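Read the structure below first, then the notes.
Letters go in sequence order (proteins before strands), and every chain restarts at 1. Computed from a predicted structure; not experimentally measured.
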There are 2 protein chains.
Amino acid sequence: MKNISQEDYISIIYKHRDGGGVIKSNTIAERMNISNAAVTDMVRKLSRDGLINYTRYKGVSLTGSGETKAINLIRRHRILESFLYKIVKMPWEKVHEEVENLEHGASDDLVNRLEVMLEYPEYDPHGDPIPDKKGKMPKARSAVRLDLLPTEKSAIVVRVNDYDHEFLRYVASVGITMSSEVKVKSQLNFDKSIVLTVDGNDINMSQKMASNIFVQEKKNRIK
Amino acid sequence: MKNISQEDYISIIYKHRDGGGVIKSNTIAERMNISNAAVTDMVRKLSRDGLINYTRYKGVSLTGSGETKAINLIRRHRILESFLYKIVKMPWEKVHEEVENLEHGASDDLVNRLEVMLEYPEYDPHGDPIPDKKGKMPKARSAVRLDLLPTEKSAIVVRVNDYDHEFLRYVASVGITMSSEVKVKSQLNFDKSIVLTVDGNDINMSQKMASNIFVQEKKNRIK
DNA sequence: GATATAATTTAAGCACACTTAAATTTATAA
DNA sequence: TTATAAATTTAAGTGTGCTTAAATTATATC
C-alpha cells in the first residue's frame with residue numbers, strides 16, 4: 001500500500017516552500033493541522049528515504065527525486081480536479097476536497113487516460129498549471145494579486161489558491177469563479193480590506209482573502 | 001479520515017458469507033491475505049462498533065447496520081467499476097484492481113453523480129448487480145456455473161467473480177469477457193478440468209477457475 | 001554579547017493494523 | 001469417550017503517525 005501521509009507532506013512542501021525552495025517545519029505543521037513534533041518525526045523518515053534534505057533546526061527542501069515525486073502528485077491532483085469538474089460536472093468549489101480523498105488511490109495509468117479524455121489540459125479548475133507526463137509545466141499566466149489591483153480597473157479572475165476548502169466555498173458563494181469579472185472599488189486603510197464589484201454586487205473582502213485570488217487586467221478596448 | 005481496513009472487512013464478509021449469513025474467521029484471513037490473529041483483533045472492533053455479531057470461536061455475521069454499510073460499499077465499488085469501464089474505457093480486467101485502491105476516497109455524492117452519468121446501470125462490468133441508492137438490488141440473472149454446463153451446449157458469459165486480480169487477468173487473456181460465447185467440449189474425469197471453445201480456440205481450464213465463471217445457455221433457434 | 005522569546009526537537013505515550021508463537025477451544029475420528 | 005487435529009484466540013512485539021510536555025537550539029532585542 002502507498003504511503004498516504006508521505007504523499008501529503010511532499011505535496012505540502014512543494015506548494016508552500018519559499019523562493020529558495022525551503023520550508024520551515026512550522027509551516028508544514030500549520031498547513032497540515034498537526035503538531036510540530038509530528039512533523040519532526042515524518043521529516044526524518046522522508047530524509048531517510050531520500051526525498052528531502054534535512055538538517056536539525058533548519059527548514060527542509062526537496063531532493064531531486066522528491067521534486068520529481070511532488071510534480072507527479074501535483075499532476076495527479078490537478079488532472080483529477082479537471083476531470084471531476086469538466087466531465088463529471090461536479091461544482092467548482094467541491095472538486096478540491098473530493099480529490100484530496102480520491103487521489104491517493106489513483107494509478108498513473110488512470111491519470112494518463114483521464115489526461116487524454118481531457119485533451120491534455122494546461123490548467124486545472126482553479127487556474128493552476130498541470131505538468132505533463134515528463135513533469136514539464138505550462139508557463140504560468142501573468143496575473144496580479146487581487147489585493148494589489150488598482151481601484152476602478154476591471155479584471156478577470158484566472159487563478160484561486162486551493163489551500164483551504166472553507167475559503168473556496170466562500171469565494172464561490174459570493175459569485176467568484178474562474179473568468180469572473182471583478183473591479184476593486186476601494187481599499188480601506190483601516191484593515192486593508194477591499195470593496196469589490198462582482199456581477200453587479202458589491203462585496204467586502206479581507207486582504208488575506210483577496211491575496212489568494214489572482215486576476216488579469218482587462219485590456220481597454222481600442223476607442 | 002475513513003477507516004479503510006474496516007471497509008475492506010465488511011465487504012469481504014458480505015461477499016463471502018455462506019447461505020446462513022455466517023463467515024469463519026479463517027475465510028476472512030484467507031481472502032484478505034492476513035493472519036487469523038489480525039482477524040480476531042479487527043472482528044472485536046467491528047463487533048464493538050455494532051457492525052457484526054461475534055461470539056468467540058464461532059463465525060461472524062453482519063448486523064443490520066453492518067449490512068446496510070456493506071451494500072453501500074458494494075454499490076460504490078460497482079458504480080466506480082462501471083464508470084472506469086464504460087466511460088474511461090479502461091480494460092475490463094484492470095478496473096477491479098484500480099477501484100480497490102480508488103474506492104475508499106470516493107464520496108456518496110460522487111458515486112451518485114456517476115450513477116446518473118451511467119444512466120442507472122443494473123450490472124457492473126463483471127456482471128454483478130448494482131444496488132440502488134436505497135440498497136435495493138436488481139434481481140440476479142439466472143446463470144449456471146461454467147463447470148456445470150453440459151457439454152456441447154453453447155452459452156454466453158454473464159458474470160465472472162472478481163475475487164482475484166490474477167484470475168481476471170488470466171480469464172481476459174484467453175479471450176473470455178462479458179457476452180463471450182463459450183462451449184464445453186469435454187470434462188476430464190482425472191482432474192475435473194474442462195476443455196472449452198472460445199472464439200474458435202480450444203482452451204483447457206481447471207474446475208476451480210470454471211466454477212467462478214457463470215453462463216446462460218443459448219436458446220435454440222426455432223427451426 | 002547577554003538574555004528573552006520563539007521555533008524546533010526529544011521524550012514518553014497512544015491507537016491502529018498488523019506479525020509470530022503459544023495457549024486454548026472445538027471438531028473429528030478411533 | 002478420549003486422543004488428536006484443526007481452528008481460533010491470546011500474548012508479546014513491531015512500524016506508523018499522531019499527541020502533550022519538557023528540553024534544547026536559534027533569533028531578535030537591548
Side-chain contact check for B:R44: nearest option of C:dT10, D:dG17, D:dT10 is D:dT10
Ranking D:dC18, C:dT8, D:dT10 by distance to the side chain of A:S25, first place goes to C:dT8
Return yes if some donor-acceptor pair links the side-chain N/O of A:Q216 with the main-chain N/O of A:S142 below 3.5 Å, else return no.
yes
| For A:Y57 and C:dA6, is the shortest distance between a side-chain N/O and OP1 or OP2 below 4.0 Å? | no
Checking C:dT8, C:dT19, D:dT19 against the side chain of B:A37 (C-beta onward), the nearest is C:dT19
Side-chain atoms of B:R56 come closest, of C:dC18, C:dA7, D:dT9, to D:dT9
message: Just to be sure I understand the rule, does A:S5 reach a base, reach only the sugar-phosphate, or reach nothing, if contact means heavy atoms closer than 4.0 Å?
response: sugar-phosphate
Contacts of A:Y170 meeting ring-ring contact (aromatic ring centres under 6.0 Å, His included) (sequence neighbours excluded), chain-then-number -> none
| field | Side chains of B:S193 and B:Q207, donor plus acceptor under 3.5 Å | value | no
From NZ of B:K58 across to C1' of D:dA6 the rounded distance in Å is 15 Å
Out of D:dT8, C:dA21, D:dC18, minimum distance to the side chain of A:D41 belongs to D:dC18
Considering only heavy side-chain atoms of A:N26, the closest of D:dT16, C:dT8, D:dC18 is C:dT8
Does either side chain, that of B:H104 or that of B:D8, offer a donor lying less than 3.5 Å from an acceptor on the other one?
yes
